[in-house]
Every structure is written in C-alpha cells, then in structure tokens.
Trainee: 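The structure follows.
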2 protein chains.
Amino acid sequence: MGKSASCFADVLSEFAKLTDAERQAVERLEERQREIRRGTLLQCANEPSSEMFILRKGLMMSYVLLDDGSRQILRFLFPGDMLGLPGVIYTEAPETLCALSDCTVCPFDRSALSELLTEQPRVGALILILSQIERVALTDRLAILGRTSAKVRVGALLLEMRDRLCTTDKNITDSFTLGLTQEEIGDATGLTSVHVNRMLRQLEEEGFIRRENGRVTLTDEAALARTANYVNRYQGLQLGWLLPAR
Amino acid sequence: MGKSASCFADVLSEFAKLTDAERQAVERLEERQREIRRGTLLQCANEPSSEMFILRKGLMMSYVLLDDGSRQILRFLFPGDMLGLPGVIYTEAPETLCALSDCTVCPFDRSALSELLTEQPRVGALILILSQIERVALTDRLAILGRTSAKVRVGALLLEMRDRLCTTDKNITDSFTLGLTQEEIGDATGLTSVHVNRMLRQLEEEGFIRRENGRVTLTDEAALARTANYVNRYQGLQLGWLLPAR
DNA sequence: CGCTCCGTTGAGGCTCATCAAATTCTGTGG
DNA sequence: CCACAGAATTTGATGAGCCTCAACGGAGCG
C-alpha cells in the first residue's frame with residue numbers, strides 16, 4: 001500500500017477500482033494539510049461550519065453535550081475518514097469534532113465536495129456507501145445502548161476500536177493501545193467512568209481481556225463478540241451490483 | 001402538492017428543484033406498487049436481500065433482535081422514505097423491515113439505484129443528503145439513549161413522531177394518533193413497556209401531554225423540547241452550496 | 001516538589017427491570 | 001349484536017444494576 005497521495009482514495013479503492021480521473025478528483029480534497037494538537041476542536045456543535053476534513057493521521061471523536069452537562073460521544077474517527085459532512089449541510093453543526101491525539105487533517109471547502117459529487121458520480125455513489133456503513137455502525141451502537149448491560153457495552157466498544165485500528169495498522173491482531181480514558185469510554189457507552197472501571201476489571205477477571213498500562217489484549221474475542229452481537233461492518237459488503245465495470 | 005407520480009421525487013424536491021430528466025429517472029423507482037398487511041416483513045436481518053423500496057403509504061419500522069430475545073427498534077419509516085439500502089450493500093441485511101400498519105410500498109431492484117446514481121449525479125447527491133439527515137437523527141437518538149432519563153426518552157420520541165407525521169399530513173399541529181403500542185415505544189427507547197406506561201402517565205400528570213384512547217396531544221411542547229434537547233433535523237438545512245443551479 | 005489528571009475502590013441510594021395480576025380495549029366469529 | 005379470546009394497558013411489589021459521592025494512589029509535568 002505505502003504512502004498514497006490520498007488517504008481517502010485508498011479507502012474508496014477498497015470498494016471499487018478508481019479510474020485515473022476519479023482518483024485525481026478525490027486527491028484534490030487533500031491538497032492542503034494541517035497539524036492539530038490533542039484537544040483541538042475542528043467544528044463546534046450549534047455553530048455554523050463550512051469546512052470539511054479528511055483525517056490523515058491520529059484519533060478524533062465527535063460528540064454532543066446535553067444541557068445537564070453530560071457528554072455523548074457519537075463516533076470515533078480514524079485515518080481515512082471524511083469528517084464534518086453533517087456540519088455543513090445544517091446551518092448549525094449538530095456535533096463537535098475534537099482531536100483525541102495530535103492529528104493531521106486535510107481541510108477542504110464544501111464546494112470541493114459539490115464539484116466532486118457532480119463530476120464523478122461513481123465517487124458520489126461510493127461516498128453514499130461509506131455513509132451507509134457509518135449508519136449501520138450507528139444503529140449497532142443504538143442497539144447496544146438500548147438493550148445491553150454495561151459489561152457488554154464496554155466489550156463491544158473494545159471490539160469495534162480494535163477492528164477500526166486494524167484498518168490503519170494491519171499488524172494489530174488481538175492486542176492494542178486503546179488511547180481513551182475511562183471517562184471517554186463511559187461517554188461513548190452511556191456509563192460513568194467509575195462503572196467503566198468496574199466493568200473492565202470484571203471483563204479481566206472473567207478472562208475476556210488482559211490489561212497492562214493502557215494496552216488491551218482480547219483473550220477471548222469469540223465469546224466477547226457473541227455476547228455483544230458484534231459484527232464488523234467494514235466486512236461482508238457486496239457492491240458488485242453498484243458500479244458497473246467500465 | 002396533490003398526488004404526485006412519485007413520493008420520493010416529492011421528498012427530493014423539498015431540497016432542490018429537479019429537472020424533468022431527473023424527475024423521470026426518480027419516478028422509475030416507483031413503477032411497481034405493492035400493498036402489504038400490518039406485520040409483513042419486507043426484509044429480514046441476517047438474510048440476503050436484493051430489493052429496495054419506497055414507502056408510499058403507512059408506517060413501518062426497522063429493528064434488530066438481540067439473541068437474548070430483546071428487540072431494538074432502530075427507526076420508524078414514513079411515506080417518502082427509501083427503505084432497505086443498508087440491506088442491499090451487505091451480503092446479509094443488518095436489520096428487519098416490518099410494517100406497523102397496512103402499507104403501500106414500491107419495490108425496485110438495486111440495479112435501478114445503480115443506474116440512477118451514475119446517470120443522475122445531482123440526485124445521487126440529494127440521496128447522500130437524505131442519508132446524512134438520517135445519520136444525524138440516529139446520533140440524536142444515540143445521545144438520548146445514552147444520556148437521558150426514561151421520561152425524557154419518551155418525550156423525545158413523541159416529539160420526533162409528531163414532526164415526522166407532519167411531513168405527510170400538514171394538518172397535524174400538536175395532536176396526533178401515535179399508532180404504536182407501549183411495547184413498541186419501549187423497544188425504540190430502550191425501556192420496558194411497563195415503565196413506558198408509567199412515564200406516559202407522569203408526563204400527563206405533569207402537564208406535558210394529554211391522552212385520549214391512542215391520541216396524544218402535546219400541551220407543553222416547548223418545555224418538552226427543551227428537556228429533551230430536541231431539534232427537528234428535517235429543518236435548518238443549508239444546501240445552496242451543494243447543487244449549482246443549472 | 002507540588003499539581004493535575006487518571007485510575008481505583010467503597011458505601012449508599014435511585015432508576016428502571018422483573019414478575020404478577022387485574023382491567024380495558026380490539027377484533028372476530030357466532 | 002353479542003360473546004369471547006387475545007392483545008394492550010394499568011398497577012403494585014420487589015430487587016438488580018448503575019449512579020453518586022467520596023477518598024486515595026500513581027503517573028506525568030511544570
């Protein structure tokens with residue numbers, strides 16, 4: 001694979017071979033590049049926004065704050081993800097985008113997206129597919145939050161993080177550094193950090209995981225996936241029908 | 001408005017004026033039409049599916065069953081909605097589509113979508129926008145499930161249902177028939193039907209709503225919306241930048 | 001060296017689930 | 001039109017799961 005000129009083109013290529021023209025058009029989204037520090041906000045909920053981003057390096061999250069002060073993390077964002085589309089279609093962004101580590105992002109104007117969609121319809125179709133994958137991942141989390149116990153929620157988060165980290169770093173198998181505080185895990189799973197702590201401990205005691213200073217090892221991945229109804233939504237796709245070979 | 005040849009074209013027209021060619025292409029999705037009875041399943045989770053639908057009349061839902069037997073309702077579906085896209089991009093559908101009332105649906109093959117996307121890029125862009133609106137509605141629900149009390153969850157569901165019913169029936173203001181059992185409300189909000197019952201009663205006692213055999217009246221909509229952080233995601237859109245007038 | 005952030009642990013209380021049963025509503029066939 | 005069966009709603013009692021509050025230890029950093 002190596003360092004491609006475009007992270008996002010690499011993601012799209014997983015689903016369909018791009019023509020040269022398509023690849024060039026996609027690469028234009030990543031012409032500019034910006035380094036941001038951990039904690040930086042790229043977009044703020046309830047504020048106007050006209051920029052979007054491709055995340056090139058690092059870990060980010062999107063979240064909302066409710067007015068009792070509690071936070072719900074909606075999604076973790078990984079290299080190759082396109083960020084901020086919901087923000088630019090509304091007059092006020094529905095969510096906040098925040099860097100969880102130092103990151104590299106490529107900002108682009110919404111007009112760049114508009115051009116890309118109208119001039120490269122196949123790319124538009126692939127972006128729609130990505131949007132649907134994200135949708136399904138969100139509905140999975142909805143079911144987890146609505147219908148499962150704290151222990152299962154934490155386990156499901158670990159599985160999802162592992163799988164998403166894998167797409168960036170193919171070396172990862174069952175051991176990885178999470179890069180999240182227990183409070184962040186709690187805000188993603190609808191729990192308090194205190195209870196997350198107890199659940200991690202319990203998962204460890206019951207032999208599902210092992211922990212050594214920030215590093216997590218899944219020791220019984222199959223059992224974890226079974227209790228959490230977990231499915232990796234970046235696999236099992238069938239897109240042959242969508243884009244005729246040309 | 002009147003009876004247009006295409007429900008879906010009417011939805012798209014809310015966001016951008018369609019050309020004649022675009023409208024015709026969209027109308028092709030609704031060439032066939034099928035009446036289905038309450039309880040009919042159009043698509044089953046974990047089974048292959050190659051068909052999609054436009055819902056023309058009635059109320060449907062999508063849900064998943066966890067293997068402890070509990071059900072999470074993911075989304076309620078209203079006339080003008082496109083159904084089943086997540087189902088056709090995966091080899092096995094991620095969710096079940098079920099009719100909550102007698103419905104009229106227009107089935108179409110996935111190749112019809114493929115053609116539409118490649119031949120009418122602006123329509124593709126609009127479908128992407130619809131997909132993003134749905135995404136934001138889902139993240140709103142994620143925050144509700146993760147971070148709010150049972151009472152707020154039920155209140156938020158009432159508000160959302162009212163707003164979605166409004167787009168079909170412009171007469172509705174603050175009073176409407178919900179068309180859901182308390183068990184269904186529970187499965188959508190992550191509660192038991194017993195607790196939904198108590199919350200409805202409490203909302204009534206506290207003057208937020210009134211109920212008369214299946215009909216709900218929102219008597220203090222503003223307060224309800226405030227406590228639930230509710231935003232109607234079909235409003236507040238800004239799409240002028242997306243599709244150049246032609 | 002002190003400060004802050006994060007993880008850890010304990011005690012107690014509230015919210016919501018569970019179980020059970022009575023009552024009302026709905027629809028269907030006689 | 002009525003009788004009946006099944007579904008949906010309502011209510012109560014009990015307890016589990018998770019939150020809240022509080023305190024302490026350790027790691028990183030100025």
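So you know, we letter chains A, B, ... as the sequences are listed, proteins then strands, and number each from 1. All heavy atoms count here, side chains included; hydrogens, waters and symmetry mates do not.
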Trainee: Report which part of the nucleic acid A:R211 touches: base, sugar-phosphate, or nothing (heavy-atom distance under 4.0 Å, all strands).
Mentor: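 Counting heavy atoms under 4.0 Å across all strands, the contact made by A:R211 is with sugar-phosphate only.
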Trainee: Would you mind telling me which of D:dC19, C:dC6, C:dC16 lies closest to the side-chain atoms of A:L191?
Mentor: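 Nucleotide nearest to A:L191's side chain: D:dC19.
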Trainee: Report the distance from atom CG of B:L200 to atom P of C:dC16, rounded to the nearest whole Å.
Mentor: 14 Å
Trainee: Using a 4.0 Å heavy-atom cut-off, does A:G190 contact any base of the nucleic acid, only the sugar-phosphate backbone, or nothing at all?
Mentor: sugar-phosphate
Trainee: Using modelled atom types and a 3.5 Å cut-off, is there a donor and acceptor pairing between side-chain atoms of B:Y230 and backbone atoms of B:D140?
Mentor: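 No; zero donor-acceptor contacts below 3.5 Å.
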Trainee: With nearest nucleotides of DNA chain C determined for A:V194 and A:R147 from heavy-atom distances, which residue corresponds to the more 5′ nucleotide?
Mentor: A:V194
Trainee: Side-chain N or O of B:N197 versus OP1/OP2 of D:dT10: is the shortest distance under 4.0 Å?
Mentor: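 For D:dT10, OP1 or OP2 has a side-chain N or O of B:N197 closer than 4.0 Å.
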Trainee: Whole angstroms only, please: what is the CD1-P distance between B:I185 and C:dC16?
Mentor: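 Rounded to whole Å, this separation is 16 Å.
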Trainee: With a 6.0 Å cut-off (strictly less than), is the heavy-atom count around CZ of A:R215, excluding the residue itself, greater than 12?
Mentor: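 Buried by this count: over 12 neighbours within 6.0 Å.
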Trainee: To the nearest angstrom, how far is B:L180 atom CG from D:dA7 atom C1'?
Mentor: 16 Å
Trainee: Go through the steps to decide whether A:S131 and B:Q132 satisfy the test side-chain hydrogen bond (donor to acceptor under 3.5 Å, both in side chains), and finish with yes or no.
Mentor: CA-CA 7 Å; A:S131 161; B:Q132 288 295 311; 3.2 Å; yes
Trainee: If you take atom types as modelled and just measure distance, does the side chain of A:R198 reach the base of C:dG7 with a donor-acceptor pair under 3.5 Å?
Mentor: no
Trainee: Please determine whether the number of non-hydrogen atoms from other residues, nucleotides or ligands lying under 6.0 Å from atom CZ of B:R211 exceeds 12.
Mentor: yes
Trainee: Atom NE2 of A:H195 to atom P of C:dA11: distance rounded to whole Å?
Mentor: 17 Å
Trainee: Please pick, from D:dT20, C:dC16, D:dT9, the nucleotide with the shortest atom-to-atom distance to any side-chain atom of B:Q182.
Mentor: D:dT9
Trainee: Would you say A:R201 places a side-chain N or O within less than 4.0 Å of OP1 or OP2 belonging to C:dG7?
Mentor: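 For C:dG7, OP1/OP2 do not have a side-chain N/O of A:R201 under 4.0 Å.
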Trainee: D:dT9 C1' sits how many Å from B:E183 CD, rounded?
Mentor: 12 Å
Trainee: Hey, what do you get for CE (A:M61) to CG (A:D187), rounding to the nearest 0.5 Å?
Mentor: 8.0 Å
Trainee: Rounded to the Å, how far apart are A:R38 CZ and C:dC5 P?
Mentor: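 The distance from CZ of A:R38 to P of C:dC5 comes to 11 Å, rounded to the nearest Å.
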Trainee: Whole Å only: how far is the CZ atom of A:R215 from the P atom of C:dC6?
Mentor: 21 Å
Trainee: Which comes earlier along DNA chain D counting from the 5' end, the contact point of B:E184 or that of A:M199, where each point is its nearest nucleotide?
Mentor: B:E184
Trainee: Closer than 4.0 Å, any side-chain N/O of A:T192 to the OP1 or OP2 of D:dC18?
Mentor: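 So the side-chain polar atoms of A:T192 never come under 4.0 Å of the phosphate oxygens OP1 or OP2 of D:dC18.
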Trainee: Any base atoms under 4.0 Å from B:S193, or only sugar-phosphate, or nothing? Heavy atoms, all strands.
Mentor: nothing
